[in-house]
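What follows is a single structure, written as structure tokens, with notes after it.
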Amino acid sequence: MNFASDNTYGAHPAVLAALSDCNDGAVMGYGADPVTARAEAVIREVLEAPQAVVRFVATGTAANALVCGQYAPRYGRIYCHQDAHIETSECGAPEFFTGGAKLVTVPGNCGKMQPDELASRMWRGAAGGMNGGRNGLISITNATEWGTIYSLPEIAAIADVAHEAGLPLHMDGARFANAVAAAGCSAADMSWRAGVDALCFGGTKNGAMGAEAVVFFDPAHAEDFDYRRKQSGHVFSKQRFLAVQMLALLEGGLWLELAKHANDLAAGLAEAILAAGGDLLAPVQSNAVFATIPPEAHARAKEAGAIYYLWPDKSAEGQDPVPIRLVTAWNTPDADVAALIAALKG
């Protein structure tokens with residue numbers, strides 16, 4: 001029973017079949033192939049953005065860090081939530097790929113920045129002039145690191161702050177599918193229509209083997225990005241094997257079906273936690289559950305074989321109540337969910 005992360009599970013059969021299918025024959029390398037061209041076109045169709053520039057990379061860290069490098073100068077300031085993945089979990093990649101830009105963290109409940117606090121921190125940064133560096137980029141995550149969802153008005157409010165300051169807005173969409181499925185809106189509504197300038201469209205956590213798409217909605221923002229991506233080692237010689245994974249997920253709407261299923265499983269776990277006397281630390285809006293549970297429920301779950309992280313301190317044991325994070329995937333077995341629910345309830 002593995003609830004540690006949605007990256008612990010494998011690739012969807014449709015992705016594996018697509019990889020096998022595109023393995024036949026010879027095509028041009030480095031993305032100059034019909035599979036990559038089709039995948040780029042399908043992403044533009046899904047996003048209703050015919051002019052968007054779409055490029056594939058293998059990891060979410062690469063996607064985020066390359067976008068940061070595209071927008072923020074080495075003396076720039078990148079604003080993100082204090083729990084953002086680019087801050088806590090990317091080993092300094094944004095700083096590395098920008099050549100030294102500074103991440104400035106902004107607090108906020110349940111993974112979300114508030115526009116007023118963001119604006120205040122941006123003003124303080126800019127007021128430092130040359131001493132403080134130059135404001136360069138705003139980055140948000142949807143779904144957030146706390147599993148919550150920025151609503152469309154919330155995204156637009158952050159975008160207004162960014163654009164009034166002349167800055168672009170980046171969205172880390174490692175779980176973009178979960179956010180779109182939860183909000184019941186279109187991918188366009190949650191991205192460029194709400195003011196997002198660059199989107200990292202995640203596939204790995206939603207059934208791909210390892211594929212992400214970087215999307216610039218204004219082609220002018222992608223100038224020289226191909227050189228930056230090549231220098232980073234993310235222009236694959238057999239690029240079609242990245243592209244076809246996203247193609248398999250997006251054609252026919254599979255990406256949303258998988259995300260909705262994962263979200264629904266998380267909602268069921270949240271209900272079980274409340275029934276077992278636990279509390280939710282954040283609203284359960286996607287495929288992650290942050291909660292506290294009684295020590296006896298934690299002991300029963302572990303005895304039953306459940307794997308999950310304590311949160312936010314992954315090593316902390318002996319707390320009462322016990323803070324945990326559960327993450328469901330596109331193919332988390334129903335039997336595992338049922339077994340964990342039974343263990344929690346006792």
Side-chain angles (χ1 to χ4, degrees), residues 6-7 10-67 70 170-181 186-188 190-192 196-219 221-222 225-230 232-259 330:
D6 39 12
N7 61 23
H12 191 276
V15 171
L16 297 178
L19 285 166
S20 179
D21 289 346
C22 82
N23 193 46
D24 292 334
V27 298
M28 298 302 291
Y30 302 103
D33 64 88
V35 173
T36 298
R38 177 58 185 157
E40 291 176 357
V42 168
I43 287 179
R44 286 191 288 266
E45 291 170 9
V46 167
L47 292 168
E48 303 173 56
Q51 301 304 315
V53 173
V54 180
R55 295 293 185 263
F56 298 104
V57 297
T59 72
T61 293
N64 290 330
L66 288 171
V67 170
Q70 185 72 5
H170 159 244
M171 178 178 285
D172 174 355
R175 296 183 176 93
F176 183 66
N178 301 93
V180 172
S186 71
M190 187 163 277
S191 55
W192 64 268
V196 173
D197 297 290
L199 169 68
C200 294
F201 195 142
T204 306
K205 296 182 186 300
N206 193 39
M209 180 179 291
E212 315 284 313
V214 177
V215 182
F216 295 99
F217 293 103
D218 181 347
H221 290 195
F225 183 77
D226 285 336
Y227 294 98
R228 190 180 302 278
R229 185 174 59 128
K230 175 65 174 178
S232 75
H234 277 266
V235 175
F236 284 31
S237 60
K238 298 181 180 180
Q239 193 75 25
R240 67 189 184 276
F241 291 110
L242 284 184
V244 78
Q245 297 178 60
M246 297 295 289
L247 186 59
L249 291 173
L250 291 168
E251 283 193 315
L254 178 62
W255 68 294
L256 288 177
E257 293 176 19
L258 300 181
W330 66 271

Ser191 versus Leu47, closest heavy-atom pair with distance: OG-CD2, 3.7 Å
Aromatic ring pairing Phe201/Phe176, orientation class (parallel under 30°, perpendicular over 60°, tilted between): perpendicular
Exam field: side chain Gln239 to backbone Phe236, donor-acceptor pair closer than 3.5 Å: yes
Interatomic distance, Glu45 atom CD to Glu251 atom CD [nearest 0.5 angstrom]: 8.0 Å
Closest heavy-atom pair and its distance - Gly203, Leu249: O-CD1, 3.9 Å
Identified side chain to side chain contact (heavy atoms under 4.5 Å, CB included) counterpart of Val67 within the set Val214, Asp172, Asp197: Val214
For Cys22, the option from Val27, Val244, Asp33 that meets side chain to side chain contact (heavy atoms under 4.5 Å, CB included): Val244
Minimum heavy-atom distance Ala243-Ala39, with the two atoms named: O-CB, 3.5 Å
Euclidean distance, Met246 CE relative to Thr36 OG1, rounded to 0.5 Å: 12.5 Å
Close side-chain approach of Met209 to Phe241, heavy-atom, < 4.5 Å: no
Min side-chain heavy-atom separation Leu66-Val57 under 4.5 Å: yes
Spacing of CZ belonging to Arg228 relative to CD belonging to Gln70, to within rounding of 0.5 Å: 4.5 Å
Lys205 backbone acceptor or donor facing Trp330 side chain under 3.5 Å: no
Distance in Å, Arg55 CZ paired with Leu242 CG, rounded so as to fall on 0.5 Å steps: 13.0 Å
Within-4.5 Å side-chain heavy-atom neighbours: His170 and Asn64: yes
Distance, nearest 0.5 Å, that separates NE2 of His234 from CD of Glu212: 10.0 Å
Where Ala14 and Ala248 come nearest, the two heavy atoms and their spacing: O-CB, 3.7 Å
Residues which pass salt bridge (charged side-chain N to carboxylate O under 4.0 Å, His left out) with Arg229, listed by chain and number, not counting sequence neighbours: Asp226
side-chain contact (heavy atoms from CB on, under 4.5 Å) evaluation trace for Val215 with Trp192: CA-CA 10 Å; Val215 182; Trp192 64 268; over 6 Å; no
Atom pair CG (Leu254) and CG (Asn206), whose distance is rounded to the nearest 0.5 Å: 7.5 Å
Taking every non-hydrogen atom, the tightest pair across Arg44 and Pro50: CD-O, 3.4 Å
Side-chain donor/acceptor of Thr204 to backbone N/O of Ala211, under 3.5 Å: yes
Residue pair Leu16 / Ala11: nearest heavy atoms and the distance that separates them: CD2-CB, 4.0 Å
